Amino acid sequence: MAPEKSNRRRRDVGAFVLLSSVMLSLRVVAASTAAKAVAATTSSSTNTLPPRRKRLSIDTISDNLKAMEYAVRGKIAIEADRITEELKSSTDNKYPFDHIIMTNIGNPHAVQQKALTWPRQVMALLQLPNPLGIDHPSANALFPEDAIARAKEMKAALGGHGIGAYTHSKGVKEFREDVARFIEKRDGAEEGSVDVENIFLTAGASEAITMVMTALVKDSSCGIMLPIPQYPLYSATLDLLGGHKVGYYLDEQSIWGMKIEELERSLAEAKSQGINVVAFVLINPGNPSGAVLSRQEVKDIVMFCARHNLVLLSDEVYQENVYRKEDEFFSSRRAADELGLIKNDAIQLCSFHSVSKGVFGECGQRGGYVEMVGIEQDVNDCFYKLAASKLCSNAPGQAMVSLMCKGPNRGDSSYESHEKEKQAVFEGLRDRAQLVSEGLDSIPGFSCQPATGAMYCFPSVHMPPGAIKAAQDAGLPPDTLYSLDLLQTKGICVVPASGFGQKEGRYGFRTTFLSPEMKTVVESIRDHYEQFCSKYAE
């Protein structure tokens, strides 16, 4: 082959190889670019979401939850918290006071009521590991003998696990037995007549009340009779459950007494509206009224419930808070027993008690119980299922219930000091109940019934015309306007009476008498009311 043809062929082959290489490179680049484009598109479609509203918003949450109101920690308490934070953080105090006096809620230890020594000693030993507590070589030098013995007994009841483990869903059986014996002793009932399996230990009485009301309100046709005024837990829970509030009025002029004629009127009116009334709430001693019902009044109510086949929910958390010698606490269970209703299975009754009130005042421990009478086993099983869904109530609260129901025995080393401490707390509450109710009643424009029980006064307050108009303009109940003004000018936090229910045209507030500053509180309320009436005279 000629040299020229050979050279040309080599050049052609080289050009072909070069062209093939260029084409291959272009394909690789194109493929890479396409892959990047796909990846970018995929990434964009993954990270860029279409505009949408949040699933959980004020428009999507339960209408019943939005309608629910709990006045005790409502608008006034929220404003009090805001001012408290402002007082803490600001160096330039614009208010004519340096702290808020919280008289809005029955929270004794928050306003300087001292914890009872013996129960706290036992609780400390329950919390401590055995080597640092009941088995410590110096335990007897640090704790009284009866506190150590009780802690050992309670730890054994807890299965040796202490209070850091789950318990039976109804509560520790031995603790429930303490409750059963307490009820029998209180009511003079036959020994062994209170069935421990009808007792549930709960996180305060509030959890027990909510549990029972949840079972009672089967559908939106159901209603429950509530006192007016009433503790807002009941109305708030009914709002949440979608049930009807069937109010019956207490008689303010007879120290918030109860009249059967009013109960019959309320029930008949509710039935005429197609409401299926399933239960009746009794709060005795009363919250917010501070009244103690007579033995006959309690029996009349129990018979009313039996006659109309209503489940009686008896809120008895203030049963130790009865201040007049002529009054007594008479339980609904005792009334039902004496009337023969329990023996004849003619009443359904759920009674509630708590460590939060009385003289213990252990609100933060969250201990309470419900005892059920006349409740069928299959219903009891459903309550157990509801309790089991929460595993159990907190063990320290259960332990405190046991200590409330079964204190040191007469003759034990702590008995005298324990009783003395309880009496001191009781006498302080009794004296302040009289001081506050009489002091408020003496203010021109105020009317306050005697606080014969519980922890509250519930005065009515005449509102000047200008205050009523200003409240209407602001979209507030007049007693909310008053309570806000009292808070912002005097640093006193009360709860407007409108949050508890009251007759049309009545205004007022609820205050506790727990604080050692109550004498100052009454005088501040007196001074403020004069200023308030001048401010809103027209």
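Values reported hereafter were calculated over all heavy atoms of this structure, with side chains retained and with hydrogens, waters and symmetry mates removed. Remember, predicted model here, so these are calculated numbers, not experimental data.
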Smallest separation among heavy atoms of Cys493 and Ile100, with atom names:
CB-CG2, 4.1 Å
Decide side-chain hydrogen bond (donor to acceptor under 3.5 Å, both in side chains) for Glu316 and Ser314; before the verdict, give the C-alpha distance in whole Å, the side-chain angles of both, and the deciding distance to 0.1 Å.
CA-CA 6 Å; Glu316 300 173 344; Ser314 193; 2.8 Å; yes
Taken in chain and number order and not counting sequence neighbours, the residues that satisfy salt bridge (Lys or Arg N to Asp or Glu O under 4.0 Å) with Glu376 are none
Could you state the interatomic distance from CD1 (Ile492) to CD1 (Ile525), rounded to the nearest 0.5 Å?
5.0 Å
Given the rule in the side-chain hydrogen bond (donor to acceptor under 3.5 Å, both in side chains) test, do Asn130 and Lys155 qualify, once you have shown the distances and angles that lead to the verdict?
CA-CA 10 Å; Asn130 289 355; Lys155 283 202 168 190; 2.6 Å; yes
Taking all non-hydrogen atoms of both residues into account, name the closest pair between Leu435 and Val522 and its distance.
CD2-CG2, 4.2 Å
Quick one: side chains of residues 391-406, donor-acceptor pairs under 3.5 Å with protein atoms, not counting sequence neighbours, listed by atom name and distance.
from   : atom 1 : to     : atom 2 : distance (Å)
Ser393 : OG     : Leu201 : O      : 3.1
Ser393 : OG     : Gln398 : NE2    : 3.3
Asn394 : OD1    : Gly397 : N      : 2.6
Asn394 : ND2    : Arg366 : O      : 3.0
Gln398 : OE1    : Val172 : N      : 2.8
Gln398 : NE2    : Thr167 : OG1    : 2.9
Gln398 : NE2    : Ser393 : O      : 3.0
Ser402 : OG     : Arg150 : NH2    : 2.9
Ser402 : OG     : Asp178 : OD2    : 2.6
Lys406 : NZ     : Glu153 : OE2    : 3.0

Nearest heavy-atom pair of Glu184 and Glu191: which atoms, and what distance?
OE1-CA, 3.7 Å
Glu326, CD atom: more than 12 neighbouring heavy atoms under 6.0 Å:
yes
Ignoring hydrogens, what is the shortest heavy-atom contact between Ala306 and Leu341? Give both atom names and the distance.
CB-CD1, 4.0 Å
Of all the heavy-atom pairs spanning Ile101 and Ser515, show the shortest one and how long it is.
CG2-OG, 4.1 Å
Taking atom CD of Glu145 as the centre, report whether more than 12 heavy atoms of other residues, nucleotides or ligands fall under 6.0 Å from it.
no
Decide if atom CZ of Arg82 counts as having more than 12 heavy atoms of other residues, nucleotides or ligands within a radius under 6.0 Å.
yes
Would you say CD of Gln434 has more than 12 non-hydrogen atoms from neighbouring residues, nucleotides or ligands within 6.0 angstrom?
no
Tyr318 and Tyr456: aromatic ring centres closer than 6.0 Å?
yes
Please step through side-chain hydrogen bond (donor to acceptor under 3.5 Å, both in side chains) for the pair Gln230 and Ser235, ending with a clear verdict.
CA-CA 8 Å; Gln230 54 91 30; Ser235 55; 2.9 Å; yes
How about CD on Gln112, more than 12 heavy atoms from neighbouring residues, nucleotides or ligands closer than 6.0 Å, or not?
no
Begin from the C-alpha positions of Glu79 and Lys75 and carry the test salt bridge (Lys or Arg N to Asp or Glu O under 4.0 Å) through to its verdict.
CA-CA 6 Å; Glu79 176 67 2; Lys75 186 179 185 67; over 6 Å; no
Residue set satisfying side-chain contact (heavy atoms from CB on, under 4.5 Å) with Ser437, at least two apart, ordered chain then number -> Cys448, Ala451, Cys457
Verdict with supporting geometry, Asp187 and Arg333, salt bridge (Lys or Arg N to Asp or Glu O under 4.0 Å)
CA-CA 8 Å; Asp187 293 345; Arg333 192 188 199 286; 5.1 Å; no
Can you tell me if Asp479 and Gln502 form a side-chain donor-acceptor pair at under 3.5 Å?
yes
Please state whether the rings of Phe426 and Tyr323 are parallel, tilted or perpendicular, taking 30° and 60° as the class boundaries.
tilted
Return yes when atom NZ of Lys422 has more than 12 non-hydrogen atoms of other residues, nucleotides or ligands closer than 6.0 Å, and no otherwise.
yes
Candidate pair Met211 and Phe200, rule side-chain contact (heavy atoms from CB on, under 4.5 Å), full reasoning
CA-CA 10 Å; Met211 179 173 74; Phe200 287 74; 4.2 Å; yes
With Phe500, the ring-ring contact (aromatic ring centres under 6.0 Å, His included) member among Phe509, Phe458, Tyr231:
Phe458
Nearest heavy-atom neighbours spanning Ser524 and Lys490
O-CE, 3.8 Å
Can you confirm whether or not the ring centre of Phe175 sits under 6.0 Å from the ring centre of Tyr369?
no
